[in-house]
Amino acid sequence: MPEKVVTRFAPSPTGYLHVGGGRTALFNWLWARCKGGTFILRIEDTDLKRNTPTAAKQVMQDLRWLGIEWDEGPEVGGPNGPYLQSERIDIYDRYVRQLLDAGKAYYCFETSEELDALRAQAEAQKKGFVYPRPQRFPSEQDVAKARADGKPVTVRFALPMDKPLVVEDVIRGRVSFHPAELGGDFIITKSDGFPTYNFACVVDDHHMKITHVIRGQEHLMNTPGQKALWEAMFPGRPTPQYAHMSVTISDTGGKLSKRERPQTLRTAIEKMPNVDIEKLAQVGGITADELKSFLKAQTTPDIPMIEAMAEHLGVRLPEINIVDFFHSGYLPETLVNFLALLGWNPGDQREILTVEELIRSFDLTRLTKSNSLFDRKKLLAFNTEHLRIEPPEKVLKHFKAYLAEIGSPVLKADDATLSRILQLCEGARTFEDVERKSAFVFVEDDQIEFEDKAVQKVLFKDHALEILGEVRGKLAERDPLTEHGIEEMLRGLAEQRQVGLGKVAQPLRVALCGTTISLPIFDSVSMLGKERALRRIDLTLQRFEATGQGQAE
RNA sequence: GCCCCCAUCGUCUAGUGGCCUAGGAUAUCAGGUUCUCAUCCUGGAGACAGGGGUUCGACUCCCCUUGGGGGUACCA
């Protein structure tokens, strides 16, 4: 009977979950789910400098949005806790003690500066740096003395140097390393008493009985050291199986990094002819000097400020974090499907898969070796498809969450109306499209903002205002107002005037919405109702008839 | 610099020595449907990085070159 699969996702809490992290989490989760195993969330918060207090919460929120639920971990508990490494220090200490007593690890007292100097020296001689292991390991007395002298105390693992370290990787096969190439003995306890990643990871993977470690290829070089550590601490126990996945690259060039969003904004501002620096800084909630410094690429304001300024300027920032996709109106099912297909495929020609299908088809042996670009255009196509195939209740739920997130007036609508809107927007690419097409229904009649371009192109052309007047008259006569009736009336009018339906529908659309884009015109009218529709037409006629043809306000 | 990984249409990929005249998706181009936007339908163009081997036969196996990615921390 094969042992039960246990996987884990082990993020360090430094901010929102980004696309790469989401993908790593997803593959681990998928593997656990398709094997009926356990998926553990473990927070690797051993770097006091980098961790932010809210980051772990953000990561968990993002995972939940994706639908990735953990069987063990923070907030849900489990038999192998605690799941925050910062709360497991005594466990690590115990193993360090053991290693020390067995002569497999030893104390060191160099400062970072001294280490840097040694590395520089090695580099000057064009040699790879290998930490020089002392002949005699320092004693506890030496440690006490070092501490008294104010020297930093760390612990290094004595890496067996005699034989090559071989890693069997599920994706990459057998990979061999020479201990010296790894830099020799590495630190397992930092001078602040916290374990390093490579050490804590091994202890926890053993304690939590992890069977498969699925992670990015950036960890491949850590694996031989971890394996050696494992053998020193848990001899005879099999290590987890390792699978080092390809990484995901940005389609805007280079790495998929958090810097991309500020960078995009900076580039956009540079290309703009005359930007009001004062005003923009005010919108972003920063000083003009801070903004100037940002533009000179000297500093970077926080993301909310970047976002506020981008929105003000109408600049689209590339999505990097999982939460960015939520904000842009994507379904989590789309992300899950798309991310799963970056470096994996079901082996047949299917591409659009639901989460259930993904779980059913997943297979760790079908992972791709080469890196892949994150193609946002293809993601958009996937979202269009998922909007169509996911159950309407599910879509509605996500749509409401989206509306709440962006603070849309459409939030005022009841579920039935929302469902109808969603149905009318069949073929939409994101919730953003749906919101934009339907928002007009939920703003006050006299609060409609007229897009200048729409007014010029539609209202001031081809006797549009005259037609609009006629539409108004016929609309007033109709009672009761039905969609069918509206259609009949508009089509009749177009035919009568010997013009296409567009010549009638577009002026009406602009009158109702202020823009040229909205829900289908018959539904637009019926959703507003007769009174509000008439009122909007009147307001439009009043406002633009006086202005005269060919002139906008 | 050293070490490790990778290499098929623009992009994501199928392909495990003959099923390949290299398949699908997306993007793109042309045409069509349509009240706007989007969808949708039809069709087109588009790839085995280069060079050596091995073999009756290489996209598939080996070597080199080139290119890309990662690592080289008291970060994870």
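Both backbone and side-chain heavy atoms feed into the values below; hydrogens, waters and symmetry mates do not. Quick caveat, the model's predicted, so the values are computed rather than measured. Chain A is the first sequence line, chain B the second, and so forth, proteins listed ahead of strands; every chain is numbered from 1.
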Residues forming a side-chain hydrogen bond (donor to acceptor under 3.5 Å, both in side chains) with [X], sequence neighbours excluded:
{"X": "E87(A)", "value": "none"}
{"X": "R376(A)", "value": "D251(A), E319(A)"}
{"X": "D348(A)", "value": "R350(A)"}

Requested in this report: For nucleotides 31-51 of chain B, just jot down a letter per nucleotide in 5' to 3' order: B, S or -, based on protein non-hydrogen atoms under 4.0 Å.
Outcome: ----BBBBSS-----------
Report task. If a protein heavy atom is under 4.0 Å from the base, mark B; if only from the sugar-phosphate, S; if neither, -; do that for nucleotides 1-14 of chain B going 5' to 3'. Result -> --BSSSS--BSBSS
Test of understanding: with ring pair (Phe, Tyr, Trp, His ring centres under 6.0 Å), list the residues that count as partners of [X], not counting sequence neighbours.
{"X": "W230(A)", "answer": "H206(A), F234(A)"}
{"X": "Y106(A)", "answer": "F137(A)"}
{"X": "Y242(A)", "answer": "none"}
{"X": "F399(A)", "answer": "F431(A)"}

Can you tell me the pairing partner of [N] across any strand shown, Watson-Crick or G-U wobble, with both distances under 3.5 angstrom?
{"N": "U26(B)", "result": "G10(B)"}
{"N": "U16(B)", "result": "none"}
{"N": "C48(B)", "result": "none"}

Requested in this report: For RNA chain B, determine which residues of residues 107-114 of chain A have any heavy atom closer than 4.0 angstrom to one of its atoms, and list them numerically.
Outcome: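 The answer is E110(A), T111(A), S112(A).
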Query raised in the report: Quick one: the side chain of S191(A) and the base of C74(B), do they pair up donor-acceptor inside 3.5 Å?
Result: yes
Query raised in the report: Hey, is the side chain of N198(A) pairing donor to acceptor with the base of A76(B) inside 3.5 Å?
Result: no
Interatomic distance at [atom1], [N] relative to [M], whole Å:
{"N": "A49(B)", "M": "U66(B)", "atom1": "C1'", "value": "8 Å"}
{"N": "U55(B)", "M": "A25(B)", "atom1": "C1'", "value": "35 Å"}
{"N": "U11(B)", "M": "G52(B)", "atom1": "C1'", "value": "31 Å"}
{"N": "G23(B)", "M": "G46(B)", "atom1": "P", "value": "12 Å"}
{"N": "C64(B)", "M": "C20(B)", "atom1": "C1'", "value": "27 Å"}
{"N": "C2(B)", "M": "G10(B)", "atom1": "C1'", "value": "34 Å"}
{"N": "G51(B)", "M": "C59(B)", "atom1": "P", "value": "12 Å"}
{"N": "G1(B)", "M": "C19(B)", "atom1": "C1'", "value": "48 Å"}

If I take atom [atom1] in residue [X] and atom [atom2] in nucleotide [N], what distance separates them, rounded to the nearest angstrom?
{"X": "K151(A)", "N": "C74(B)", "atom1": "NZ", "atom2": "P", "value": "18 Å"}
{"X": "H244(A)", "N": "G69(B)", "atom1": "NE2", "atom2": "C1'", "value": "15 Å"}
{"X": "D116(A)", "N": "C74(B)", "atom1": "CG", "atom2": "P", "value": "8 Å"}
{"X": "M245(A)", "N": "G69(B)", "atom1": "CE", "atom2": "P", "value": "18 Å"}
{"X": "Q85(A)", "N": "C75(B)", "atom1": "CD", "atom2": "P", "value": "13 Å"}
{"X": "R42(A)", "N": "A76(B)", "atom1": "CZ", "atom2": "C1'", "value": "11 Å"}
{"X": "R215(A)", "N": "G69(B)", "atom1": "CZ", "atom2": "P", "value": "22 Å"}
{"X": "R50(A)", "N": "A73(B)", "atom1": "CZ", "atom2": "P", "value": "15 Å"}

**Report entry** Qualifying side-chain hydrogen bond (donor to acceptor under 3.5 Å, both in side chains) pairs, either residue in residues 491-500 of chain A, two or more places apart
**Finding:** E466(A)-R497(A), E470(A)-R497(A), E487(A)-R491(A)
Query raised in the report: How would you list all residue pairs meeting side-chain hydrogen bond (donor to acceptor under 3.5 Å, both in side chains) that involve residues 115-126 of chain A, not counting sequence neighbours?
Result: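 Qualifying pairs, neighbours excluded: Q125(A)-K127(A).
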Requested in this report: First locate atom CZ of R420(A), then atom SG of C425(A), and finally report the distance between them rounded to the nearest 0.5 Å.
Outcome: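 Atom-to-atom, R420(A):CZ and C425(A):SG are 11.0 Å apart.
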Query raised in the report: Less than 6.0 Å separating the ring centroids of F374(A) and F325(A)?
Result: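 Ring centres of F325(A) and F374(A) closer than 6.0 Å.
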Report task. Quick one: label P11(A) by what it contacts on the DNA or RNA (base, sugar-phosphate, nothing), any heavy atom closer than 4.0 Å. Result ->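 Nothing, no nucleic acid heavy atom in range.
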Query - Heavy atoms of other groups near Q423(A) CD, more than 12 under 6.0 Å - result: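 At most 12 heavy atoms, drawn from other residues, nucleotides or ligands, come within 6.0 Å of this atom.
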Requested in this report: Please name the residue in the list R133(A), R156(A), K104(A) that meets the salt bridge (Lys or Arg N to Asp or Glu O under 4.0 Å) test with D185(A).
Outcome: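 For D185(A), the salt bridge (Lys or Arg N to Asp or Glu O under 4.0 Å) test succeeds with only one of R133(A), R156(A), K104(A), which is R133(A).
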Query - Residue whose closest nucleotide on RNA chain B lies nearer the 5' end, V247(A) versus T189(A) - result: V247(A)
